[in-house]
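Keep in mind the model is a prediction, meaning the values are calculated, not measured.
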Amino acid sequence: MDMKIYTSSRLQMEAKANLIKISNDAAGFLTTSIGIQKQSKLFQKIQEKWCR
């Protein structure tokens, strides 16, 4: 087996895996921030009810 072909395909696979991991992390971060926004809105509603 030619080592150049092996290493380049190996690097491509690792790069793809890293890209997938990064996009998963980004998606997780987005859903987390959206969840925090929803919670803070809910918290504001609760505060408004209790403060009246």
Side-chain angles (χ1 to χ4, degrees):
M1 185 184 226
D2 190 11
M3 284 304 286
K4 277 185 183 173
I5 294 171
Y6 172 74
T7 47
S8 66
S9 63
R10 171 99 187 259
L11 284 174
Q12 281 180 337
M13 281 172 59
E14 286 177 5
K16 277 183 189 171
N18 285 337
L19 273 177
I20 291 170
K21 185 184 180 300
I22 290 169
S23 62
N24 283 344
D25 290 349
F29 178 74
L30 274 177
T31 41
T32 305
S33 59
I34 290 170
I36 290 171
Q37 284 177 353
K38 283 181 182 174
Q39 282 178 344
S40 64
K41 282 179 185 172
L42 187 73
F43 190 67
Q44 280 178 342
K45 284 180 184 174
I46 292 170
Q47 273 186 324
E48 284 170 8
K49 277 185 183 176
W50 286 104
C51 289
R52 278 180 196 154

Reported [atom1]-to-[atom2] distance for the pair [X] and [Y], which is rounded to 0.5 angstrom:
X: Gln12; Y: Leu19; atom1: CD; atom2: CG; value: 11.5 Å
X: Gln37; Y: Gln39; atom1: CD; atom2: CD; value: 11.0 Å
X: Met13; Y: Arg10; atom1: CE; atom2: CZ; value: 8.0 Å

Inset, instruction - Considering non-hydrogen atoms only, spot the tightest contact between Leu30 and Ser33 and give its length. - result: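 Smallest interatomic distance, heavy atoms only, reads O-OG, 2.8 Å.
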Inset, instruction - Determine whether Leu42 and Trp50 fall in the same hydrophobic cluster, where Ile, Leu, Val, Met, Phe, Trp and Tyr are linked whenever their side-chain heavy atoms lie under 4.5 Å apart. - result: yes
